[in-house]
Amino acid sequence: MSGSTLTKDKPAPTPRTGTANPFVAITQNLRESGIYIAFVVVVVLFAILTDGLSLSPGNITNIVLQYSYVLVLAIGMLIVIVAGHIDLSVGSVVALTGAVSAQLVIGSSQPWWVGVLAALGVGLVIGAWQGFWVAVVGIPAFIVTLAGMLLFRGLTFFVLNNVSLSPFPQQYGKIATGFSNGLIGGNGYDAFTLLIAVLAVVAFAVSQVRTRIVKIRYQQVVDAMPLFVLKIVAVAAVVMAFAWQLANSRGLPYVLVILAVLILTYSMVMKSSVFGRQVYAIGGNLAAAQLSGVNVRRVNFWIFVNMGFLAAVAGVIFSSRSNGAQPSAGNSFELDAIAAAFIGGAAVTGGVGKIQGAMIGGLLVGVISNGMQLLGVDQSLQSVIKGLVLLLAVAFDVFNKRRSGVR
């Protein structure tokens, strides 16, 4: 029989489907599903406690604007933590890059985009500096970034001459506070925001279908069709509800567009690129990664260069939202970013974590903080609650490891 006949008569691969029971599917993968359940519970709880005020269009828009820079930092911090490191300096880098931008734009009357480019350049230099000490010299990242936290905070005071600088020109301010509204009309709402949401849902559905087809082709386990459809419908409902609230407020925030581009880009990098797989390999088993030919020094170096770049992006966003630069800017931002990564499912020992998990973790912290502010909870109690949330998230990670037999 000819080779062409054999190919023609070859049966199509049979999909290996998992359970169709949503509850069983959730309990089988608590590390990923737990954060989404917690997020839904927290959102519903504060919606009830605030009589729906937490889900109002204006408040949802404020959450996006207020916590966007934390989410940007969380992207970079997730990559750092997956590789088995930590970065304590990002808050100081946010302050320094914002200070450099302010000195150029406000102090020297340079165009707004010069300040943005200078801030990004400073962030890359800082990342290369810290990457050198970690990757080449071999000093633990904890020590290097602890030193960086002090060093860059001191440089911030020096750049600003111990005073605040404000205000930025209107174009710079629009980076974090501008909106796209009325581009294609809408009767009482922004139609463009809804159009972008529809396109995002379609893109997500197409991506999920393509991923499912590839898994079936390679005879990997996929979700049962009812559960697969339910996941797409649930995501579509959440995205469209979110977009509807934005459309009924001030439209599509520019900073949300920036954040969406970063999330999509880094999700693809961590999932599909050689660099992303090497980061997971280093964090999962350093010795095995070295034996398999991974250039650990080079990967670690670029991890911190990337963290410096994203800290600079967050610095531009924060200074834009603050309409100025202050020597004390960025205090405790590193703790918020670390909390977002761990709450979002990153493993304490490295090797585990996803960008979308860190985003949900950051939003969870943001929703909790925002909800407590709406309820008038005392600031000291807010810190206690956020600390307990972080502790429980790490305890949940430890529980999952023991449950699966991993030490």
Side-chain angles (χ1 to χ4, degrees), residues 56-76 93-124 159-160 164-186 188-197 199-200 242-265 309-326 329-330 333 359 362-363 366 370:
S56 65
N59 190 62
I60 288 181
T61 299
N62 287 335
I63 290 176
V64 173
L65 298 179
Q66 188 173 354
Y67 296 100
S68 56
Y69 48 85
V70 174
L71 298 181
V72 172
L73 290 174
I75 294 173
V93 178
V94 166
L96 179 57
T97 52
V100 169
S101 183
Q103 274 292 4
L104 288 172
V105 178
I106 301 173
S108 301
S109 301
Q110 295 294 319
W112 67 272
W113 53 268
V114 172
V116 172
L117 292 179
L120 297 180
V122 169
L124 290 171
V159 170
L160 292 176
S164 299
L165 284 179
S166 65
F168 279 107
Q170 185 178 10
Q171 299 95 323
Y172 192 97
K174 285 185 177 180
I175 296 173
T177 60
F179 295 85
S180 172
N181 198 325
L183 191 61
I184 58 175
Y189 58 87
D190 181 44
F192 181 71
T193 301
L194 297 180
L195 175 62
I196 294 297
L199 293 176
F242 174 71
W244 177 253
Q245 296 296 74
L246 291 179
N248 280 274
S249 180
R250 286 172 279 178
L252 183 65
Y254 293 147
V255 71
L256 183 59
V257 177
I258 297 172
L259 184 60
V261 171
L262 291 175
I263 292 173
L264 291 174
T265 301
F309 169 75
L310 288 176
V313 173
V316 170
I317 293 174
F318 182 74
S319 59
S320 171
R321 175 169 171 76
S322 303
N323 197 26
Q326 305 84 31
F333 282 13
M359 296 301 95
L363 285 174
N370 176 262

Is the shortest side-chain heavy-atom distance between [X] and [Y] below 4.5 Å?
| X | Y | answer |
| --- | --- | --- |
| Leu165 | Gln326 | no |
| Phe179 | Leu65 | yes |
| Pro167 | Ile106 | no |

So which atom in [X] and which in [Y] form the shortest heavy-atom distance, rounded to 0.1 Å?
| X | Y | result |
| --- | --- | --- |
| Val72 | Ala314 | CG1-N, 4.1 Å |
| Gly123 | Ala312 | CA-CB, 3.8 Å |
| Gly324 | Ser166 | CA-CB, 3.9 Å |
| Arg321 | Thr177 | CA-CG2, 4.2 Å |
| Ser101 | Tyr172 | OG-OH, 3.0 Å |
| Leu160 | Ala99 | CG-CB, 3.6 Å |

*Measure centre to centre between the rings of Trp112 and Phe168, then say whether the value is under 6.0 Å.*
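Between Trp112 and Phe168, the centre distance exceeds or equals 6.0 Å.
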*Between Phe333 and Tyr69, does the ring centre distance come in under 6.0 Å?*
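Yes, they do, as the ring centres are separated by less than 6.0 Å.
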*Measure from the side-chain N and O atoms of Ser320 to the backbone N and O of Val316, and report whether any donor-acceptor pair falls under 3.5 Å.*
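Here the side-chain-to-backbone pair does not exist.
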*For the pair Ser249 (side chain) and Gln245 (backbone), establish whether a donor and an acceptor sit closer than 3.5 Å, ignoring hydrogens and angles.*
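No, because the side chain of Ser249 does not come within donor-acceptor range (under 3.5 Å) of the backbone of Gln245.
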_Asn62-Asn370 side chain donor-acceptor pair, cut-off 3.5 Å_ =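 Side-chain D/A pair, Asn62 to Asn370: absent.
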*Leu194/Tyr189 under side chain to side chain contact (heavy atoms under 4.5 Å, CB included): CA gap, chis, key distance, verdict*: CA-CA 9 Å; Leu194 297 180; Tyr189 58 87; 3.7 Å; yes
*Mark yes when over 12 heavy atoms from residues, nucleotides or ligands other than Gln170 sit less than 6.0 Å from its CD; otherwise mark no.*
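Counting other residues, nucleotides and ligands, CD of Gln170 stays at 12 neighbours or fewer.
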*Please report the C-alpha distance between Val116 and Ile175 in whole Å, then the side-chain angles of each, then the deciding distance to 0.1 Å, and finally whether the side chain to side chain contact (heavy atoms under 4.5 Å, CB included) criterion is met.*
CA-CA 10 Å; Val116 172; Ile175 296 173; 3.8 Å; yes
*Can you sort out the partners of Thr193 under side-chain hydrogen bond (donor to acceptor under 3.5 Å, both in side chains), two or more places apart, ordered by chain and number?*
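Asp190.
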*asked:* Show, in sequence, the C-alpha distance, side-chain angles and deciding distance for Ile60 and Leu246, and conclude whether the side chain to side chain contact (heavy atoms under 4.5 Å, CB included) test is met.
replied: CA-CA 7 Å; Ile60 288 181; Leu246 291 179; 4.3 Å; yes
*Run the side chain to side chain contact (heavy atoms under 4.5 Å, CB included) check on Leu262 and Leu310 step by step: do they pass?*
CA-CA 9 Å; Leu262 291 175; Leu310 288 176; 4.2 Å; yes
